[in-house]
Number of protein chains: 2
Amino acid sequence: MAGGSPAHRGRTVTSKVLALLDAFSTRQPEMSLNELSRKTGLPLSTTYRLASELVDWGGLERVSGGGFRIGIRLWEVGAMAPLTASLQDLVLPFMQDLYDATHANVHLAVLDGTTALYVERITGRRSAKVNLRRGGRLPLHATGVGKVLLAHASEEFRDEVISAGLRRYTPYTIVAPGLLRRALTEIRRTGVGIAREEMSLGLTSIASPLLDAEGRALAALSVVLRASGQDVDRLVPAVRTAALCAARRLREQYRAPANGPLPATNST
Amino acid sequence: MAGGSPAHRGRTVTSKVLALLDAFSTRQPEMSLNELSRKTGLPLSTTYRLASELVDWGGLERVSGGGFRIGIRLWEVGAMAPLTASLQDLVLPFMQDLYDATHANVHLAVLDGTTALYVERITGRRSAKVNLRRGGRLPLHATGVGKVLLAHASEEFRDEVISAGLRRYTPYTIVAPGLLRRALTEIRRTGVGIAREEMSLGLTSIASPLLDAEGRALAALSVVLRASGQDVDRLVPAVRTAALCAARRLREQYRAPANGPLPATNST
């Protein structure tokens, strides 16, 4: 292993640095030098040299025992991403209003690849316990925000997600393509997507899209509450209203990038 | 300029990639290729090649007109930084409680270099307008959180900050070293730091530290409200209580890095 994998050859230094960052995940936020080398296919010496440069910069930090983890400087640089910064500035106050009115968890997600990427989250100690943080990802077909984002994506994108297979997370997850397609049509009609214990038993999510002027979903907003508790129907108008208000604000101010991160357009 | 600055030679590729990221700031979140090249001292061709690799990865995104800005992938990687992720998981619910009780802005900052780095923020539409977001920085001597972090730093660190000069932001900013030192001593005694219109006219901040077992300030929490409005004295116990609760939670779970980002220890 000292020479690294053959895949190492021909890679640019930049791609190696980025591979080091890619090695970290929310499931494995801390990695030893050996693990980093194995996961990236880079020789130990290269891994050590690049990781040390990242530590000096503040992008990685060392932990006792010799491990590495993501450092505060990368967090700081990432906080400048205009999409998430705009969502924070423009949408978060409306999410806070929704939290004030419901004391439920309030989530905001964007479509990224074929998953829902959670970019904002409000939770209080009275809210149902949801194991999720900013930067976390969940599947599209089993979550409220995911179904809303999927409903407003292109037909081709929906086909791609559905044909990749619909994994079952609970007995209530919709895994039949026909049923999911009908649910998505209904979401486009009503502007609201509900996931009743489809991702986690005991939790229901009510979601609504933030549409741009062309009808693309820039993001989706949801409340997540105990399935057994409050009346879901009662909260639907509140979620829809917050999403409409937030989308209006976002349309006034946010400028989409020339390419991505919103690859899918609403073709319906 | 086609050959770049002489400083370009001898730099590693990694340092060049990181210099590209360093070029962006909250004041200048979008940069043209020319601006990036000028700011980093890298030749245009190198700048273009490295920026393109970052775009392919998702760390930068292009905007119409040819500019670049930070992309969602860097945000996602940065969201894994354990300090900020722990603060989000462990401290944010207490901040939410404080918001529920006050409807004031609630801020959380850490010491980074010689500034206060804001890592969490809760604001509603009823809160006083504060122009600040996660990832923003403010000076230590003129803000509530900053004074609290400074009060709990080492004597050497305080000397360094004070001797670097205390810039005046408003007529109320404390710019006399002796006055500031007395204020910091008082903060260590009471556990609360108040900044009355010292950074921005019309805004008062009440802050309290989150101390680790060794008495170092891991972070500082504050409410920021209109100076003219509510009774400041009334909110002091609420801020202090939230900080004590949050610090207890943080001490149970968060493991500090082997080096940084908390260079200063409380030597008092």
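To find a chain, count down the sequence lines: A is the first, B the second, and so on, and within it residues start at 1.
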Fill in: B:Y118 versus chain A, the contacting section by heavy-atom distance below 4.5 Å
backbone

Practice prompt. May I ask you to check whether A:T12 and B:E53 show a side-chain donor-acceptor distance below 3.5 Å?
Written response: yes

Discussion item. For the interface with chain A, which of B:P82, B:P93, B:G135 has the highest count of heavy-atom pairs at distances below 4.5 Å?
Written reply: B:P82

Worksheet, complete the sentence: OG (A:S200) and NZ (A:K129) are apart, to the nearest 0.5 Å, by 11.5 Å

Item to complete: Assess whether atom CZ of A:R248 is packed by more than 12 heavy atoms of other residues, nucleotides or ligands within 6.0 Å.
Response: no

Practice prompt. Check whether any side-chain heavy atom of B:M80 lies under 4.5 Å from a side-chain heavy atom of A:W75, and answer yes or no.
Written response: no

Worksheet entry | Region of B:R137 in contact with chain A, defined by heavy-atom distances below 4.5 Å | side chain

Fill in: Proximal component of B:V17, with respect to chain A [non-hydrogen, under 4.5 Å]
side chain

Worksheet item: So which of B:S15, B:P29, B:S25, B:G71 has the biggest tally of heavy-atom pairs under 4.5 Å with chain A?
Response: B:S25

Worksheet entry | Verdict with reasoning, B:R38 to B:E35, per salt bridge (charged side-chain N to carboxylate O under 4.0 Å, His left out) | CA-CA 5 Å; B:R38 202 175 319 122; B:E35 286 168 325; 5.5 Å; no

Worksheet item: Are the side chain of A:S37 and the backbone N or O of A:L33 linked by a donor-acceptor pair below 3.5 Å?
Response: no

Discussion item. Less than 4.5 Å apart, side chain to side chain, heavy atoms only: is that true for A:I122 and B:L92?
Written reply: no

Worksheet item: If you measure from CD1 on A:I72 to CG on B:L83, what distance do you get to the nearest 0.5 Å?
Response: 4.5 Å

Item to complete: Measure distances from B:E120 to the heavy atoms of chain A and classify the residue's part below 4.5 Å as side chain, backbone, both or neither.
Response: side chain

Worksheet item: What residue in B:T84, B:L21, B:T123 has the most heavy-atom pairs under 4.5 Å with chain A?
Response: B:T84

Worksheet entry | Residue among B:G67, B:G58, B:A81 with most heavy-atom pairs under 4.5 Å to chain A | B:A81

Worksheet, complete the sentence: Highest number of heavy-atom pairs under 4.5 Å with chain B among A:R133, A:M95, A:R121, A:R73 belongs to A:R133

Discussion item. Report which part of B:D22 has an atom under 4.5 Å of a heavy atom belonging to chain A: side chain, backbone, both, or neither.
Written reply: both

Worksheet entry | Among B:I70, B:D97, B:D100, B:L74, residue most engaged with chain A (heavy-atom pairs, under 4.5 Å) | B:I70

Discussion item. Contact between B:L87 and B:L250 at the side-chain level, heavy atoms closer than 4.5 Å - yes or no?
Written reply: yes

Worksheet item: Can you say whether B:L60 sits under 4.5 Å from chain A via the side chain, the backbone, both, or neither, judging by heavy atoms?
Response: neither

Item to complete: For each of A:E76, A:Q96, A:Q88, A:R134, tally heavy-atom pairs with chain B at distances under 4.5 Å, and name the one with the top tally.
Response: A:R134

